[in-house]
**Q** 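The structure's right below; bear with me while I get my questions together.
None of these values were measured; they are calculated from a predicted model. Values reported hereafter were calculated over all heavy atoms of this structure, with side chains retained and with hydrogens, waters and symmetry mates removed.
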Amino acid sequence: VENIRMLLLWNRTDGDRFANPAMLGRFYMQHLHQELGQFVVLDDATPPEAPLEGRPPETFLSSTETFLRQSGVGAFRLYSTAMSCEPLVDDLSQVATAATCASVHGGGRLFVTCEQVPNEASRITLGTDFDSFGQSRARLDWQTSTRDADTLRTAALEFGRYLVRAGIGRLKINPAVLEGSAPLAGWTTLPSAPGAAGHQMGGLRMSHIAADGVTDRDCRLWHIDNVYVGGSGVFRSCGHANPTLTLTQLALRLADTLHNRLAAG
């Protein structure tokens, strides 16, 4: 966010010289985080015995590439309070990976963290209040779309279908999720932002051509020879996983690029 704010400030005083003004700050993304619903396990769904030490692991399911291509929704991962997913493993293997199971607790709450589909209207701009140096603070205009609502609804419906098909339980989907309204009502409240996982991404979009983004493949600002950007602002899309490892890899790659450039004189 601060990288984008500084470039916006520089553009304002230097006639949009530093970054593409049509793209700078746009496609701001976060990971959507929401409680999809509440599930119950049927009385006759006897879980296998699995003695565990300490707190049982949560159920954790992540969408596969094949399922995402077929459904057209964003990537997602589901997790819940502990329950048995062993009867579902064969079914889930068609669309999900990384399934872990724990003993049934009779029911629980189902959560999702998912990819936000890139949205040009979601953006970072300069606000009307100022910091202690008299510079404009950043304004985060985070917006979701109907495609994001589709991701949440599809994830909930798929999990609910698995419970029914395996004959082990039922899922009650939150009405706002099922209706697919955008922006979604009833966001889960988190310290970072309502409905978001606090993963700031986008706004410095990497691109093949200058008109379509802010940085090139080497994280360098288009048309500026010696200004590079490190961070998750360059992401064109965000997947469903935490961005830290990806942005760290990009930073290491950028360090190699700069080292080789300096070594070449």
**Q** Under the rule for ring-ring contact (aromatic ring centres under 6.0 Å, His included), what residues qualify as partners of F18, not counting sequence neighbours?
**A** W10
**Q** Rounded to the nearest 0.5 Å, what's the gap from CD on E35 to NE2 on H33? Could you check?
**A** 8.5 Å
**Q** Taking all atoms of both residues into account, what is the closest heavy-atom pair of P243 and M201, and its distance?
**A** CB-SD, 3.9 Å
**Q** Can you get from M23 to W222 by hopping between Ile, Leu, Val, Met, Phe, Trp and Tyr side chains that sit under 4.5 Å apart?
**A** no
**Q** Who else is in the cluster with L262 when I, L, V, M, F, W and Y are joined by side-chain contacts under 4.5 Å?
**A** none
**Q** Side chain to side chain contact (heavy atoms under 4.5 Å, CB included) between L152 and V73: does it pass, once the steps are laid out?
**A** CA-CA 9 Å; L152 297 172; V73 300; over 6 Å; no
**Q** If Ile, Leu, Val, Met, Phe, Trp and Tyr residues are connected whenever their side-chain heavy atoms lie under 4.5 Å apart, and connections chain through other members, are M6 and V227 in the same group?
**A** yes
**Q** Just by modelled atom types, is the D212 backbone N or O under 3.5 Å from a matching donor or acceptor in the N20 side chain?
**A** no
**Q** Classify the ring geometry of H199 against H31: parallel below 30°, tilted from 30° to 60°, perpendicular beyond 60°.
**A** perpendicular
**Q** List for me each residue that meets side-chain contact (heavy atoms from CB on, under 4.5 Å) alongside V117, sequence neighbours excluded, and say none if there are none.
**A** R147, D148
**Q** Could you tell me whether the side chain of D141 reaches within less than 4.5 Å of the side chain of T125, counting heavy atoms only?
**A** no
**Q** In the hydrophobic cluster built from side-chain contacts under 4.5 Å, what are the other members alongside V164?
**A** none
**Q** Side-chain donor-acceptor pairs under 3.5 Å in residues 245-254, sequence neighbours left out?
**A**
residue	atom	partner	partner atom	Å
T248	OG1	T244	O	2.7
R253	NH2	R217	O	2.1

**Q** Which heavy-atom pair separates T144 from Q116 by the least distance, and what is that distance?
**A** CA-NE2, 4.1 Å
**Q** Is there a side-chain contact between V214 and I4, using heavy atoms and a 4.5 Å cut-off?
**A** no
**Q** Under a 3.5 Å threshold, yes or no: a donor from one side chain and an acceptor from the other, between R220 and T257?
**A** no
**Q** Without swapping roles, check the side chain of R139 against the backbone of L126 for a donor-acceptor pair under 3.5 Å.
**A** no
**Q** Can V1 be reached from L8 by stepping across I, L, V, M, F, W or Y side chains whose heavy atoms are under 4.5 Å apart?
**A** yes
**Q** Supply the atom-to-atom distance N174 CG to L110 CG, rounded to the nearest 0.5 angstrom.
**A** 9.5 Å
**Q** Using the test side-chain contact (heavy atoms from CB on, under 4.5 Å), find all partners of A75 that sit at least two apart in sequence or belong to another chain.
**A** S63, L68, E115, H240
**Q** Atom CD1 of I124 and atom CZ of R26: how far apart are they, to the nearest 0.5 Å?
**A** 12.0 Å
**Q** Minimum heavy-atom separation for V229 and T215, please, with both atom names.
**A** CG2-CG2, 4.2 Å
**Q** Take N11 and L24 through the side chain to side chain contact (heavy atoms under 4.5 Å, CB included) test and state the conclusion after the steps.
**A** CA-CA 10 Å; N11 266 4; L24 180 59; 3.7 Å; yes
**Q** Quick one: does any side-chain atom of Q34 pair with a main-chain N or O of V112 as donor and acceptor, under 3.5 Å?
**A** no
**Q** What I'd like to find out is whether the side chain of R205 reaches to under 4.5 Å of the side chain of P118, using heavy atoms alone.
**A** yes
**Q** Just jot down the side-chain contact (heavy atoms from CB on, under 4.5 Å) partners of N119, sequence neighbours excluded, or say none.
**A** A121, S122, Q143, S145
**Q** Looking at every non-hydrogen atom in both residues, tell me the closest pair between R5 and A138 and how far apart they are.
**A** CD-N, 3.5 Å
**Q** Is L258 reachable from M206 through a run of hydrophobic residues whose side-chain heavy atoms are each under 4.5 Å from the next?
**A** no
**Q** Please name all residues satisfying salt bridge (charged side-chain N to carboxylate O under 4.0 Å, His left out) with R123, sequence neighbours left out, ordered by chain then number.
**A** none
**Q** Please enumerate all residues that pass salt bridge (charged side-chain N to carboxylate O under 4.0 Å, His left out) together with D225, with sequence neighbours excluded.
**A** R261
**Q** With sequence neighbours left out, what residues match N226 under side-chain contact (heavy atoms from CB on, under 4.5 Å)?
**A** I224
**Q** How close do R12 and S136 get, heavy atom to heavy atom, and via which atoms?
**A** NH2-OG, 3.1 Å
**Q** Please enumerate all residues that pass salt bridge (charged side-chain N to carboxylate O under 4.0 Å, His left out) together with R77, with sequence neighbours excluded.
**A** none
**Q** Any side-chain heavy atom of T154 sitting closer than 4.5 Å to one from F67?
**A** yes
**Q** Hydrophobic cluster membership, with links at side-chain heavy-atom distances under 4.5 Å among I/L/V/M/F/W/Y: are L7 and L9 in one?
**A** yes
**Q** Applying salt bridge (charged side-chain N to carboxylate O under 4.0 Å, His left out), name anything that partners R17, two or more places apart in sequence or on another chain.
**A** none
**Q** Which pair of non-hydrogen atoms, one from G37 and one from L171, has the smallest distance, and what is that distance?
**A** C-CD1, 4.0 Å
**Q** How about E120 and F27: do any of their side-chain heavy atoms sit closer than 4.5 Å?
**A** yes
**Q** For a 4.5 angstrom cut-off between non-hydrogen side-chain atoms, does L36 reach L78?
**A** yes
